[in-house]
Asks: 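Okay, handing you the structure first.
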2 protein chains.
Amino acid sequence: MQNKTSDIKVAVDAIVFGYSKKEGVSLLLIQRKYEPYKNSWALPGGFVLADESLETAVIRELQEETGITVNYLEQLYSFGEPDRDPRQRVISIAYFGLVKTSQFRELKASTDAENAAWFSIKKLPALAFDHKQIIRQAVERLQSKIRYQPIGFELLDKKFPFSDLEKLYAALLDKEINRRNFSKKILSFDFLEETGELSKPEGKGRPSKMYRFNQKRYKELLKEGFHFEI
Amino acid sequence: MQNKTSDIKVAVDAIVFGYSKKEGVSLLLIQRKYEPYKNSWALPGGFVLADESLETAVIRELQEETGITVNYLEQLYSFGEPDRDPRQRVISIAYFGLVKTSQFRELKASTDAENAAWFSIKKLPALAFDHKQIIRQAVERLQSKIRYQPIGFELLDKKFPFSDLEKLYAALLDKEINRRNFSKKILSFDFLEETGELSKPEGKGRPSKMYRFNQKRYKELLKEGFHFEI
DNA sequence: GCAAAAGTGTTTGCGCTACACCCATGC
DNA sequence: GCATGGGTGTAGCGCAAACACTTTTGC
């Protein structure tokens, strides 16, 4: 057996983003309980079981380690440099997930076994393995994907004031947005609907209409050849 | 050892595209010599060795099985459904490659051990494993990527008449292109340079100027914040 | 001269940008 | 009333689509 091929382990990692107006864009991390990198912060994830799909493995690990259920998940990239894990060869298929702000807050309740926490992507701790690089790639994917697919809504609550969407885009793209033009563009797409409700004013200013993303309408538009683009 | 994780094998597959005016967009396939799917056509690829990177594995397998050296390569996606290989669990990291037309023609010379051939993507044979699905995804990637990254040049010769580029885009996007507007747009990007030569007219019509893609200029433009988009 | 393919100029209209103003709320 | 943030109208500019015409070759 000259060319050993069977001792490569297969793992999955999850890069899960959340968002709040206060904290901005945040990332879900766990604190490792074992060597290597014991006590370091790292991406949630683990080895794939013999008969589960990759996606199932991610969902399972996220549930086990953080109690979180994502409402958007897609494969990001596979990382397989021979030396990325000091113990043995491990290739990791990284998945990219988004959770709504309501879930985002509820983290602590469901996690006492593992130590899991949200970190603002502007203030990340030192990270295990090549996870820093993986996260960089995930942030790039998020920033580019938000421009041509309406995944921003997966980070907001079901109902949200329009200004929340605007602030989210400003935070994600890290630049100011022209309020007038942004709302004209988004509303012209015709996949947002008013719920009829008004937001309770948070201290100051006029209350805003609440909106809801109409998934069904969006799917219809896609069939008609519509292309989302910011 | 209740949860077996160590018996998943790791493979790579290559989806390599070529292009010629006659055949259009073509795909490189090999004919399998062993079971399963013996004699079926399949993507070139194979298991990753213990100490090589994923990309190295792809390049090696392509060389061994087809004699081809790609001049563009990027990771496409990882496929890992538990039942995608009848023998045992195999996850495959698929890579997406492009070769220039000159290489594209030279295939037969370097391959007598394996049976390798180009197939027009409009007339693909039956395929082993889940390779049909992988190819579909690769074609989608090619079609979308060609619009926002100048990878089309990787499918043409170093020097090419402008109309070749136009025909390539028409073939890839499967729609007609307005000659005037296409050339205005591409030339305005300022990363094509005239070589000064003229094409030998192929029978009829006026000979055309030959162009060359200026990689260095393109990199400069990127630094200045330029964004390619068709 | 004629057909075929390359090369170029110009009008038109849509969409994005920029700017300006009005409305509803809490204090 | 005033400050704060939400909501909307519109002029102007730029760019891309659409169309038309000229040039150079082989026969």
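We name chains A, B, ... by the order of the sequence lines, and we start the count at 1 in each one. Only this structure's heavy atoms are used, side chains among them; waters, hydrogens and symmetry mates stay out.
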Asks: Side chains of A/Thr101 and A/Ser20 only: does a donor on one sit below 3.5 Å from an acceptor on the other?
Replies: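 Judged by distance alone, the side chains do not pair up.
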Asks: Side chain of A/Lys167, heavy atoms from C-beta onward: which of D/dT8, D/dA18, D/dG6 has the nearest atom to it?
Replies: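 For A/Lys167, the side-chain atoms sit closest to D/dG6.
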Asks: Atom CZ of B/Phe189 to atom C1' of D/dA16: distance rounded to whole Å?
Replies: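 Atom CZ in B/Phe189 sits about 12 Å away from atom C1' in D/dA16.
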Asks: For B/Arg212, which of B/Glu194, B/Lys158, B/Glu193 qualifies under side chain to side chain contact (heavy atoms under 4.5 Å, CB included)?
Replies: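 Single pass found, and it is B/Glu193.
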Asks: Can you tell me whether the side chain of B/Arg180 and the base of C/dG7 have a donor-acceptor pair closer than 3.5 Å?
Replies: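 Answer no: no donor N or O sits under 3.5 Å from an acceptor.
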Asks: To the nearest angstrom, how far is B/Glu194 atom CD from C/dG7 atom C1'?
Replies: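 After rounding, the reported distance stands at 11 Å.
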Asks: Can you tell me the distance, in whole Å, between the CG atom of A/Leu198 and the C1' atom of C/dG26?
Replies: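 Computing the A/Leu198:CG to C/dG26:C1' distance gives 15 Å.
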Asks: Taking atom P of D/dG14 as reference, at what distance in whole Å does atom NZ of B/Lys185 sit?
Replies: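 In whole Å, D/dG14 P lies 18 Å from B/Lys185 NZ.
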Asks: Per the atom types in the model, does the base of D/dA16 pair as donor or acceptor with the side chain of B/Asn178 at under 3.5 Å?
Replies: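 Looking at the base of D/dA16, it does not pair with any donor or acceptor on the side chain of B/Asn178 (distance under 3.5 Å).
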Asks: Can you spot which of B/Phe189, B/Phe213, B/Tyr218, B/Tyr148 makes a ring-ring contact (aromatic ring centres under 6.0 Å, His included) with B/Phe228?
Replies: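 Testing each of B/Phe189, B/Phe213, B/Tyr218, B/Tyr148 against B/Phe228, the sole residue satisfying ring-ring contact (aromatic ring centres under 6.0 Å, His included) is B/Phe189.
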Asks: Can you tell me the distance, in whole Å, between the CZ atom of B/Phe182 and the C1' atom of C/dA5?
Replies: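 To the nearest whole Å, that distance equals 16 Å.
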Asks: What pair of heavy atoms forms the shortest contact from B/Leu29 to B/Pro44, and how long is it?
Replies: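 It is CA-CD, 4.4 Å.
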Asks: How many angstroms lie between CG in A/Asp164 and NZ in A/Lys21, if you round to the nearest 0.5 Å?
Replies: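 If we round to the nearest 0.5 Å, A/Asp164:CG and A/Lys21:NZ are 4.0 Å apart.
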Asks: With a 3.5 Å cut-off and just heavy-atom distances, do the side chain of B/Arg206 and the base of C/dG7 make a donor-acceptor pair?
Replies: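 No.
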Asks: Would you kindly give the CZ-to-P distance between A/Arg147 and C/dC16, to the nearest whole Å?
Replies: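 Atom-to-atom, A/Arg147 to C/dC16, this comes out as 14 Å.
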Asks: Please figure out whether B/Lys184 or A/Tyr211 has its closest DNA chain D nucleotide nearer the 5' end.
Replies: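 Nearer the 5' end of the strand: A/Tyr211.
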Asks: Using the closest heavy atom to pick a nucleotide of DNA chain C for each, name whichever of A/Asn181 or A/Pro207 lands nearer the 5' end.
Replies: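 Checking each residue's closest nucleotide, the 5'-ward one belongs to A/Asn181.
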Asks: What integer distance in Å separates B/Ile230:CD1 from D/dA16:C1'?
Replies: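 Value for this atom pair: 13 Å.
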Asks: Rounded off to whole Å, could you give me the NZ-to-C1' distance for the B/Lys200 and D/dG26 pair?
Replies: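 These atoms are roughly 17 Å apart.
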